[in-house]
Protein chains: 2
Amino acid sequence: MTQQTVESIPSQSRPQAHLRPAQPKAGGAPGPEDVYERIYVAILEHRLPPGTKLGEDRMARIFGVSRARIREVLARLAHEGVVELVPQRGARVARPTPEQARDIFEMRRLVEPGVVARLIRDLNPAKLRRLQGHLAEEHDARVRNDKPAVIRLSGEFHNLLAEVAGNDIMARTMRELTSLTCLIIALYDAPTTDACRDDEHAQIVDAIGDKNVDKASRLMVAHLDHIEASLDLSGVGDEVDLERVFAG
Amino acid sequence: MTQQTVESIPSQSRPQAHLRPAQPKAGGAPGPEDVYERIYVAILEHRLPPGTKLGEDRMARIFGVSRARIREVLARLAHEGVVELVPQRGARVARPTPEQARDIFEMRRLVEPGVVARLIRDLNPAKLRRLQGHLAEEHDARVRNDKPAVIRLSGEFHNLLAEVAGNDIMARTMRELTSLTCLIIALYDAPTTDACRDDEHAQIVDAIGDKNVDKASRLMVAHLDHIEASLDLSGVGDEVDLERVFAG
DNA sequence: CCCAAAAAATATGTAGACAAAATTGTTGAA
DNA sequence: TTCAACAATTTTGTCTACATATTTTTTGGG
């Protein structure tokens with residue numbers, strides 16, 4: 001990679017930092033971080049739906065950087081699972097299968113209770129305020145009816161829990177899991193659903209504030225179950241993936 | 001990445017496949033997979049100790065490939081956490097801190113019980129045989145007194161559980177966790193330890209064979225605790241990391 | 001009119017070369 | 001003798017150009 005800097009392991013974590021202009025100099029080169037961030041956010045917010053082709057040359061021109069740069073960014077996104085790289089065919093926004101979707105939720109039910117447990121273990125007022133601050137942001141986006149932001153912030157709530165909990169490995173894993181969950185929602189969300197009701201997040205934060213590990217964990221698992229239940233993973237809605245079907 | 005092929009998410013999983021000659025054509029180009037695999041295995045087996053400088057030009061000449069290829073491989077290894085990339089300073093084998101070490105074990109205690117639970121849920125004779133086959137390999141390496149292989153296979157046992165369990169996300173995460181655990185052992189293993197006793201793995205497989213989720217989970221957690229307990233994470237044994245110490 | 005095959009166009013994979021930065025070694029002065 | 005500044009070497013970061021593979025279009029035949 002180019003300058004993803006940072007110390008050993010928690011390499012490409014950093015949930016939402018870098019909210020700088022993204023295009024510092026007028027016609028200048030937008031650092032690799034900016035390119036990464038902009039594509040990543042566009043995917044999370046469903047502005048680049050699953051399956052969208054991401055041509056290298058085109059992206060290079062759009063962002064005004066060299067193709068090599070784009071390749072690096074795409075490789076990174078591919079490693080995080082939000083982009084599919086097929087050898088001689090280029091990159092597309094990933095389309096997790098229903099099976100992968102179920103696997104991801106299974107994993108989240110495993111990890112997230114551990115996250116809240118750790119978070120409660122050494123909780124302090126400052127940490128709690130960060131969580132409440134995020135709840136406010138979410139609520140705000142909701143009343144503004146800013147759909148893309150709501151989607152992104154809902155995922156970032158879970159990232160924030162892991163980050164505040166202070167375990168870098170957990171935080172990194174959660175970031176991957178929430179990204180993929182965003183894609184899954186884009187693909188399989190049953191149109192009837194009223195989406196993540198934000199009071200579930202609020203309830204979880206309340207339980208955390210009370211240092212009630214058991215309650216917080218149960219609420220978290222229930223929350224995940226609700227999200228999964230709101231999906232249609234029956235497999236028929238499978239957006240027939242021709243390439244995958246006739247691959248072997 | 002170059003041709004890491006494969007379907008969407010479980011991209012760079014593939015635990016130990018590709019054991020082909022690694023140098024197919026005499027003086028020919030050894031595909032990127034081979035380069036990756038050889039470096040990766042060398043790190044896992046402690047033949048490249050933590051902190052080892054991995055110069056691009058040198059590696060390129062060693063493997064007879066272009067520097068670009070090496071850069072890609074290094075980037076991938078960095079993303080998996082086994083290599084540290086510092087912006088203008090190049091790549092080194094990662095040196096997880098004691099804190100990161102504790103975080104990793106905390107994560108493993110969270111995930112691995114879930115892995116065995118899932119594994120038992122749809123267990124079949126073929127799967128059980130794979131596990132037993134691995135136990136045999138481990139035992140073999142032990143009686144041959146092949147230290148590097150023992151280290152690697154001990155980690156791969158855990159990867160195999162996740163792989164056989166059939167959840168790609170879990171398998172990928174486990175692969176990262178076991179890699180980092182290998183580095184941690186290289187750094188912090190107290191010399192007195194008699195290392196992972198392989199009968200612990202055997203006991204776990206037995207419990208799995210009996211479909212005893214509770215017992216298997218407990219044995220797994222105990223196993224992880226034993227490994228962690230055999231380390232010296234007191235922080236004084238910290239292989240003084242000059243850069244980190246005088247950084248701020 | 002439709003299908004098949006070939007050729008053009010587009011896009012990806014790879015390599016080599018150049019520029020910038022950092023480390024190392026050397027020289028000179030206090 | 002020791003420290004500091006300077007210079008040379010090594011190493012990383014980046015870009016541009018070329019080779020290869022794939023997709024699309026066109027052309028010819030059935």
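Naming: A, B, ... by sequence-line order, numbering from 1 per chain. Note: hydrogens, waters and symmetry copies are ignored here, and every other heavy atom, side chains too, is used.
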> Has A:R76 got its NZ or CZ under 6.0 Å from the middle of the six-membered ring of A:Y36, at an angle within 45 degrees of the ring axis?
Replying inline: yes
> Taking only N and O in the side chain of B:R69, is any of them less than 4.0 Å away from OP1 or OP2 of C:dT14?
Replying inline: yes
> Is the closest basic N to carboxylate O distance between B:E228 and B:R102 below 4.0 Å?
Replying inline: no
> B:K53 side chain N/O closer than 4.0 Å to the phosphate oxygens (OP1, OP2) of D:dT12?
Replying inline: yes
>> Under 4.0 Å, heavy atoms only, any strand: does B:R58 hit a base, just the sugar-phosphate, or nothing?
In response: nothing
> What's the CZ-C1' distance between A:R61 and C:dA11, to the nearest Å?
Replying inline: 11 Å
>> Below the 4.0 Å mark, does C:dT23 have OP1 or OP2 next to a side-chain nitrogen or oxygen of B:R89?
In response: yes
> Do A:R152 and A:E45 meet the salt-bridge criterion of a basic N to acidic O distance under 4.0 Å?
Replying inline: yes
>> If I take atom CZ in residue B:R71 and atom P in nucleotide C:dG16, what distance separates them, rounded to the nearest angstrom?
In response: 16 Å
> To the nearest Å, how far apart are B:E56 CD and D:dT11 C1'?
Replying inline: 8 Å
>> Using whole Å, what does the distance between atom P of nucleotide C:dA11 and atom CD1 of A:I62 come to?
In response: 12 Å
> Would B:E176 and A:R172 pass as an ion pair if we require N to O under 4.0 Å?
Replying inline: yes
> Can you check the B:E72 CD to D:dT12 C1' distance for me, whole Å?
Replying inline: 16 Å
>> Looking only at the side chain of A:Q88 (C-beta and beyond, no hydrogens), which of the listed nucleotides D:dT12, C:dT12, D:dC15 gets closest?
In response: C:dT12
> For B:L74 and D:dT11, what is the distance between atoms CG and C1' respectively, to the nearest whole Å?
Replying inline: 13 Å
>> Using whole Å, what does the distance between atom P of nucleotide D:dA17 and atom CG of A:D57 come to?
In response: 13 Å
>> What is the distance, to the nearest angstrom, from the CZ atom on B:R67 to the C1' atom on C:dG16?
In response: 10 Å
